[in-house]
Amino acid sequence: QVHLVESGGGSVDAGGSLRLSCESPELPFSGRCMAWFRQVPGKERERVARTDIGGIRKDYSDSVKGRFTISKDIVKDILYLQMSDLKPEDTAMYYCAAGRQQWTAACPVDFSSYYWGQGTQVTVSS
């Protein structure tokens, strides 16, 4: 069984910063598409950032572009999401996702193609 463990969530004031981390005791992250999603109760899960199998190409949702940075420490095998200039609308449960397959030609789009963590809550107060 694969476990993805997120950490780093918390409560901050608007304009503040947080860094989320994701690691797994069982799953090597090398060669996998990795992503951060977020979800608010009653709404669909939204992908906020993604990195390809080489960790080179990075995509961001328009809502976080310029404020969030996804990165992967290939030595420690940890995925990060650095979040800056946080806004109340960033309040959500944040989930780490790792592609089930390694060395794919393209990152999958369906949720079932990823392993998921349990999530870490981020709350931003105005």
Side-chain angles (χ1 to χ4, degrees):
Q1 189 171 358
V2 172
H3 298 87
L4 299 182
V5 182
E6 301 100 334
S7 61
S11 297
V12 295
D13 292 332
S17 300
L18 284 173
R19 188 177 76 163
L20 306 184
S21 301
C22 172
E23 52 192 315
S24 172
E26 305 92 358
L27 189 73
F29 290 171
S30 63
R32 298 181 193 274
C33 292
M34 303 292 299
W36 288 97
F37 289 73
R38 68 185 181 188
Q39 190 169 23
V40 175
K43 293 189 176 181
E44 292 188 356
R45 192 167 293 192
E46 171 197 16
R47 190 184 75 225
V48 296
R50 180 180 64 184
T51 182
D52 67 359
I53 61 174
I56 303 301
R57 177 173 175 170
K58 300 172 184 180
D59 300 308
Y60 300 92
S61 67
D62 289 342
S63 60
V64 308
K65 198 172 295 182
R67 301 187 297 120
F68 290 13
T69 302
I70 187 171
S71 63
K72 187 166 63 174
D73 186 322
I74 61 174
V75 175
K76 296 181 179 180
D77 221 14
I78 299 175
L79 181 74
Y80 297 105
L81 184 68
Q82 178 67 48
M83 306 185 294
S84 303
D85 191 22
L86 283 161
K87 303 176 180 181
E89 51 264 42
D90 295 319
T91 295
M93 186 71 79
Y94 283 73
Y95 298 91
C96 170
R100 290 181 178 268
Q101 301 296 322
Q102 287 178 293
W103 310 113
T104 53
C107 287
V109 296
D110 57 302
F111 292 166
S112 63
S113 295
Y114 289 91
Y115 293 110
W116 295 91
Q118 294 299 305
T120 185
Q121 177 67 36
V122 172
T123 302
V124 184
S125 302
S126 59

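Quick caveat: nothing in here was measured; it's all calculated off a predicted structure. Heavy-atom basis, side chains included; hydrogens, waters and symmetry copies ignored.
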Q: Quickly, which of V124, V12, V40 forms a side-chain contact (heavy atoms from CB on, under 4.5 Å) with T91? Name it, please.
A: V124
(Q) If you count heavy atoms of other groups shown closer than 6.0 angstrom to CD of Q39, is the number above 12? (A) yes
Q | Considering all heavy atoms, the nearest L79-A35 contact | A | CD2-O, 4.0 Å
Q | N/O donor-acceptor pair under 3.5 Å between Q118 side chain and V5 backbone | A | no
Q: Run the salt-bridge test on R38 and D90 with the 4.0 Å N-O cut-off and return the result as yes or no.
A: yes
Q: Side-chain contact test, heavy atoms from C-beta onward, threshold under 4.5 Å: evaluate it for M34 versus C96 and give yes or no.
A: yes
(Q) Is there a side-chain contact between C33 and T104 in this structure, where contact means two heavy atoms from C-beta onward sitting under 4.5 Å apart? (A) yes
Q: Drop me the distance from W103's CH2 to I53's CD1, to the nearest 0.5 angstrom.
A: 6.0 Å
Q. Does W116 have R45 sitting over its ring (NZ/CZ under 6.0 Å from centre, angle to axis within 45°)?
A. yes
Q) Quick one: is the NZ or CZ of R19 closer than 6.0 Å to the six-membered ring centre of Y80, and within 45° of its axis? A) yes
Q: Of all the heavy-atom pairs spanning T51 and K58, show the shortest one and how long it is.
A: OG1-CG, 4.0 Å
Q. Side chains of L27 and R32: closer than 4.5 Å at any heavy-atom pair?
A. yes
**Q.** Approximate separation, where rounding is to 0.5 Å, of S17 OG and M83 CE
**A.** 8.5 Å
Q) L81 versus V48: any side-chain heavy-atom pair under 4.5 Å? A) yes
Q: Might you point out which heavy atoms bring P88 and S125 nearest each other, and give the distance in Å?
A: CG-C, 4.5 Å
Q: Give a yes or no on whether the backbone of R57 and the side-chain of D52 come within a donor-acceptor separation of less than 3.5 Å.
A: yes
(Q) Using side-chain contact (heavy atoms from CB on, under 4.5 Å), reason through S30 and Q102 one step at a time and then give a plain yes or no. (A) CA-CA 8 Å; S30 63; Q102 287 178 293; 3.9 Å; yes
Q. Are the side chains of E26 and H3 in touch, meaning some heavy atoms are under 4.5 Å apart?
A. yes
Q | salt bridge (Lys or Arg N to Asp or Glu O under 4.0 Å) between D59 and R50, worked out | A | CA-CA 5 Å; D59 300 308; R50 180 180 64 184; 3.1 Å; yes
Q) How far apart are the C-alpha atoms of W36 and F68, what are their side-chain angles, what is the distance that settles it, and do they pass the ring-ring contact (aromatic ring centres under 6.0 Å, His included) test? A) CA-CA 10 Å; W36 288 97; F68 290 13; 10.0 Å; no
Q. Do the side chains of Y95 and V122 join up, straight or via other hydrophobic residues, at under 4.5 Å, putting them in one cluster?
A. no
Q: Consider only side-chain N and O atoms of E46 and S63, and report whether a donor and an acceptor are under 3.5 Å apart.
A: yes
Q. Within the distance-only criterion (no hydrogens, no angle test), does the side chain of T120 pair as donor or acceptor with the backbone N or O of G9 below 3.5 angstrom?
A. yes
(Q) Please find the pair of heavy atoms, one from G99 and one from Y114, that lie closest to each other, and give the distance. (A) N-CD2, 3.5 Å
**Q.** Short side-chain to backbone donor-acceptor contact, K72 and F29, under 3.5 Å
**A.** yes
Q) In Å and rounded to the nearest 0.5 Å, what is the OH to CD distance from Y94 to Q121? A) 9.0 Å
Q.
Looking at every non-hydrogen atom in both residues, tell me the closest pair between E23 and D77 and how far apart they are.
A. CB-O, 4.1 Å
Q: Side-chain contact test, heavy atoms from C-beta onward, threshold under 4.5 Å: evaluate it for S71 versus Q82 and give yes or no.
A: no
(Q) Please find the pair of heavy atoms, one from C22 and one from L4, that lie closest to each other, and give the distance. (A) SG-CB, 4.2 Å
